[in-house]
Amino acid sequence: MEEHPELMPLLTVSGGAMRGLTFRVGQDAQVIGRAPTADIVLADPHLSRRHATVRATPEGVMLTDLGSTNGTWLNDTRVTGSVAIADGDVVRLGRTDLRLYDPGVARTDPVGMSFGAMRRDQRPTLPLPVPGPRQPIEAREAQPADAR
């Protein structure tokens with residue numbers, strides 16, 4: 001995974017005040033919370049200062065609740081201790097929703113990348129045709145009709 005950092009799992013804020021932000025999940029435990037010292041700082045007053053941790057392991061991504069007041073939720077189920085999260089899972093911390101995207105287990109190669117021999121059922125991507133430069137109307141009218 002380290003040799004291809006673009007294949008590291010991503011947590012994307014899918015709901016809440018910081019919607020759209022994305023964070024890479026590394027092999028070291030990353031603290032999620034509202035404290036400025038947290039590794040992943042979320043501006044949500046309903047989060048604990050040190051709410052939960054997330055880290056990538058060879059078995060998958062692990063989420064651990066750190067005894068937060070409002071709890072950590074995985075797909076609408078409260079998390080106690082550590083739990084594995086998978087591609088597409090939604091983690092709710094306070095009033096913030098995070099969606100996990102794990103490109104390492106995706107069924108297709110990321111756009112623009114290929115990591116193996118091309119399969120017979122796979123079609124190569126062809127570039128779209130690019131139109132040539134347009135001529136001004138005056139230049140087209142000056143040409144004989146048979147040259148157009």
Side-chain angles (χ1 to χ4, degrees), residues 1-140:
M1 192 175 348
E2 292 297 320
E3 62 274 2
H4 292 290
E6 62 275 1
L7 294 180
M8 292 172 63
L10 299 170
L11 275 177
T12 300
V13 179
S14 58
M18 301 181 73
R19 187 173 179 185
L21 287 179
T22 300
F23 308 94
R24 291 227 181 256
V25 178
Q27 293 178 346
D28 295 331
Q30 295 169 285
V31 175
I32 304 171
R34 63 179 167 85
T37 56
D39 300 305
I40 299 174
V41 179
L42 298 175
D44 183 342
H46 297 91
L47 256 67
S48 297
R49 287 178 180 82
R50 295 175 46 86
H51 198 99
T53 63
V54 64
R55 70 184 184 101
T57 67
E59 294 79 34
V61 178
M62 298 300 292
L63 173 71
T64 305
D65 181 69
L66 296 177
S68 60
T69 303
N70 293 327
T72 300
W73 300 78
L74 173 63
N75 299 326
D76 295 325
T77 303
R78 189 164 186 159
V79 172
T80 54
S82 295
V83 64
I85 57 176
D87 184 54
D89 282 347
V90 176
V91 176
R92 190 173 75 239
L93 310 166
R95 294 198 176 153
T96 302
D97 290 339
L98 301 167
R99 181 175 296 274
L100 180 73
Y101 172 65
D102 191 350
V105 298
R107 301 181 128 213
T108 60
D109 287 337
V111 174
M113 299 180 74
S114 180
F115 292 100
M118 196 161 118
R119 300 185 318 257
R120 293 188 68 133
D121 62 341
Q122 187 178 23
R123 193 175 75 203
T125 304
L126 300 174
L128 293 173
V130 178
R134 298 186 66 150
Q135 293 181 351
I137 295 174
E138 300 83 31
R140 286 188 286 184

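These numbers come from the heavy atoms of this one structure, side chains and all, not from hydrogens, waters or symmetry mates. All of these numbers come straight from a predicted model, not from anything done at the bench.
- In plain terms, the two heavy atoms of Ser48 and Thr69 that are nearest each other are OG-N, 3.3 Å.
- In this structure a side-chain-to-backbone donor-acceptor pair under 3.5 Å is present from Asn75 to Val90.
- With a 4.5 Å cut-off on side-chain heavy atoms, Trp73 and Val79 do not count as touching.
- A salt bridge links Arg92 with Asp76: the closest approach of a Lys/Arg side-chain nitrogen to an acidic carboxylate oxygen falls below 4.0 angstrom.
- Just one of Val13, Thr12, Val41, Leu10 meets the side chain to side chain contact (heavy atoms under 4.5 Å, CB included) condition when paired with Phe23; it is Val13.
- Under the 3.5 Å distance criterion, the side-chain polar atoms of His51 are left unmatched by any main-chain donor or acceptor of Val31.
- Listed here is the closest heavy atom pair of Gly71 and Asp65: C-OD1, 4.1 Å.
- Closest heavy-atom contact between Ala38 and Arg49: CB-O, 4.4 Å.
- In this structure, Arg34 CZ and His46 NE2 are separated by 10.5 Å, a value rounded to the nearest 0.5 Å.
- Side-chain N or O atoms of Asp44 include one that pairs as donor or acceptor with a backbone N or O of Arg95 at under 3.5 Å.
- Taking the side chain as every heavy atom from C-beta outward, Val61 and Asp89 never approach each other to under 4.5 Å.
- With contacts defined as side-chain heavy-atom distances shorter than 4.5 Å, the pair Leu42/Ile32 qualifies.
- Here CG of Leu93 is found 9.0 Å from CG of Leu11. Values are rounded to the nearest 0.5 Å.
- Counting heavy atoms from C-beta on, the side chains of Arg55 and Thr57 come closer than 4.5 Å.
- Using modelled atom types, no side-chain atom of Thr64 and backbone atom of Thr53 make a donor-acceptor pair closer than 3.5 Å.
- Heavy-atom minimum distance, Asp39 versus Gln30: OD2-CA, 3.3 Å.
- In terms of heavy-atom proximity, Pro9 sits nearest to Leu100 at CB-CD1, 4.0 Å.
- The line from CZ of Arg24 to OH of Tyr101 is 10.0 Å long, rounded to the nearest 0.5 Å.
- Formation of a donor-acceptor pair under 3.5 Å by the Asp87 side chain with backbone atoms of Asp102 is found in this model.
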